[in-house]
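Working notes for the structure below.
Hydrogens, waters and symmetry mates play no part in the numbers below; they use all other heavy atoms, side chains included. Each chain gets a letter, A, B and so on, in the order the sequences are listed, and its residues count up from 1.
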There are 2 protein chains.
Amino acid sequence: MSESKDYLYPQKWLSKASTGDRVAYELRMRIISGLIESGTILSENKLAADFEVSRSPIREALRILASENIIRLEKMGAVVIGLSEKEIEEIYDVRLLIETFVFERLIKMDTTNLALELSKTLEMMKVAIKYNDADEFSYQDVMFHEAIIRSIKHSYITMIWNNLKPVMEGLILLSMRMRFKEKYEDFNRIVKNHEMYIDAIRAKDRELMIKSLHENFDDVQGKVEDLWRSQQMLSKGVEPQND
Amino acid sequence: MSESKDYLYPQKWLSKASTGDRVAYELRMRIISGLIESGTILSENKLAADFEVSRSPIREALRILASENIIRLEKMGAVVIGLSEKEIEEIYDVRLLIETFVFERLIKMDTTNLALELSKTLEMMKVAIKYNDADEFSYQDVMFHEAIIRSIKHSYITMIWNNLKPVMEGLILLSMRMRFKEKYEDFNRIVKNHEMYIDAIRAKDRELMIKSLHENFDDVQGKVEDLWRSQQMLSKGVEPQND
DNA sequence: ACTATAATACTTGTATACAAGTATACTCAA
DNA sequence: TTGAGTATACTTGTATACAAGTATTATAGT
């Protein structure tokens with residue numbers, strides 16, 4: 001894990017991660033970005049050689065990615081599933097599903113502290129926009145939704161989130177990096193949308209929340225084609241995994 | 001993995017499983033059943049010695065159980081979380097959530113084949129009841145719900161199911177073993193309930209489906225206290241993991 | 001040219017070895 | 001008795017070795 005290649009995943013987010021986790025994060029980004037094409041067969045030995053680590057952390061990484069449904073472990077090799085538009089839609093189905101569930105619980109709770117935390121996070125997002133920091137913006141965006149989901153303290157909803165989060169984060173990272181370069185004006189809408197979400201939580205307004213969720217959904221979902229373009233862009237200079 | 005202890009998980013279901021999976025299945029049962037108490041700290045070395053395997057499959061098993069939220073990996077050792085009533089309720093929350101989602105999709109599909117498959121599975125359940133085979137019954141019960149969930153071919157809903165399934169299966173196994181001994185009359189109601197579910201799917205009757213789901217929910221959920229009693233019963237003769 | 005069989009070069013699964021870090025217990029000093 | 005510091009026995013993370021199985025390739029026979 002010490003090669004000189006460009007990494008797609010922000011290295012500073014990995015300060016405490018084990019080698020296995022690092023490999024998983026990086027491999028995930030390469031798969032989501034399309035750098036490693038769907039259908040590719042990954043071998044533990046080749047990956048170990050590429051990342052210059054032993055098979056142990058590679059195996060660990062492959063199990064993680066398999067549990068996220070972006071690869072499939074077979075008898076001989078791991079087959080890359082990747083993310084087609086269908087899968088991305090499905091991810092957002094699940095996000096909608098769990099955030100709707102969460103909101104129903106939130107309605108019965110005191111949401112003052114949560115709303116406050118979300119406001120803070122949104123402020124950070126604004127700063128990230130100001131300083132053109134796509135990665136930091138993505139991080140805060142993910143934290144925004146994580147804060148909402150964790151707030152109801154439902155361990156099995158949190159479990160689903162934990163399984164979904166890495167892929168979501170990857171998607172958001174790629175999407176935001178592209179937009180910071182090409183669609184800077186998008187961020188006004190994104191900020192507005194998050195403000196709407198906070199208002200919905202503060203006011204416990206179910207309709208407003210659904211509206212905001214769906215707009216956020218359309219915001220990412222509708223722009224998938226752009227994302228694929230951006231992936232082409234980001235893929236330059238790094239060679240594919242397999243021959 | 002060749003010790004002479006009594007196993008809680010049906011060994012014949014593990015014919016093709018790797019050592020790591022076997023350990024995971026067995027450990028999961030011991031945790032769910034309360035045989036290994038919540039709060040216990042599991043060490044890889046001790047587990048490896050107990051199961052008479054190396055640390056590699058043990059590590060694999062621990063990762064699996066951690067992703068299912070029944071243990072928590074820490075710096076020194078894995079802490080058993082287990083299943084309190086809160087967790088069991090949460091599992092059923094999620095089952096309700098995803099099965100409701102699935103049903104909405106089913107309504108837009110041709111459900112003839114699915115209804116047929118479910119009828120077949122239900123027949124098998126009846127045979128299992130007739131021959132007093134709790135494990136076979138549990139297996140078919142799980143397959144019943146799995147068939148429904150898989151039928152919509154939604155990879156991320158399937159992913160959630162895959163994460164939930166092992167724990168659900170364990171709960172059902174323990175619950176059914178107890179009932180076959182103590183509450184045989186329950187099975188009439190369970191069969192009726194599954195028939196209702198099939199009818200709902202065939203007729204695409206949303207209300208009937210919700211009714212059946214909730215009854216099934218109450219059926220297991222309401223009987224948690226019994227389950228704990230049964231766990232005591234099943235736990236006899238096997239000593240705990242830790243000292 | 002084509003099939004059957006054997007050799008080979010891969011694959012994963014498991015066991016083991018070693019390194020680095022952490023908690024515990026013990027020793028020595030005040 | 002109490003406290004600081006050190007030794008020790010544990011822990012996990014990673015690398016490596018080996019075994020068993022599978023696909024592919026090469027070879028021999030027709």
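- Judged purely by atom type and a 3.5 angstrom limit, A:E60 has no side-chain atom pairing as donor or acceptor with the backbone of A:D21.
- Between the side chain of A:Q140 and the main chain of A:M125, no donor-acceptor pair closer than 3.5 Å is present.
- In this structure, A:E87 contributes its side chain and A:S84 its backbone to a donor-acceptor pair below 3.5 Å.
- Figure legend: cation-pi geometry between B:R22 and B:Y25 absent, as NZ or CZ is not positioned both under 6.0 Å from the six-membered ring centre and within 45° of its axis.
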Protein heavy-atom contacts under 4.0 Å, written 5' to 3' over nucleotides 9-18 of chain C as B (base), S (sugar-phosphate only) or - (none), form the string --BBBBBBB-
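- Residues satisfying the side chain to side chain contact (heavy atoms under 4.5 Å, CB included) criterion with B:T111, sequence neighbours excluded, are B:L106, B:I201, B:K204.
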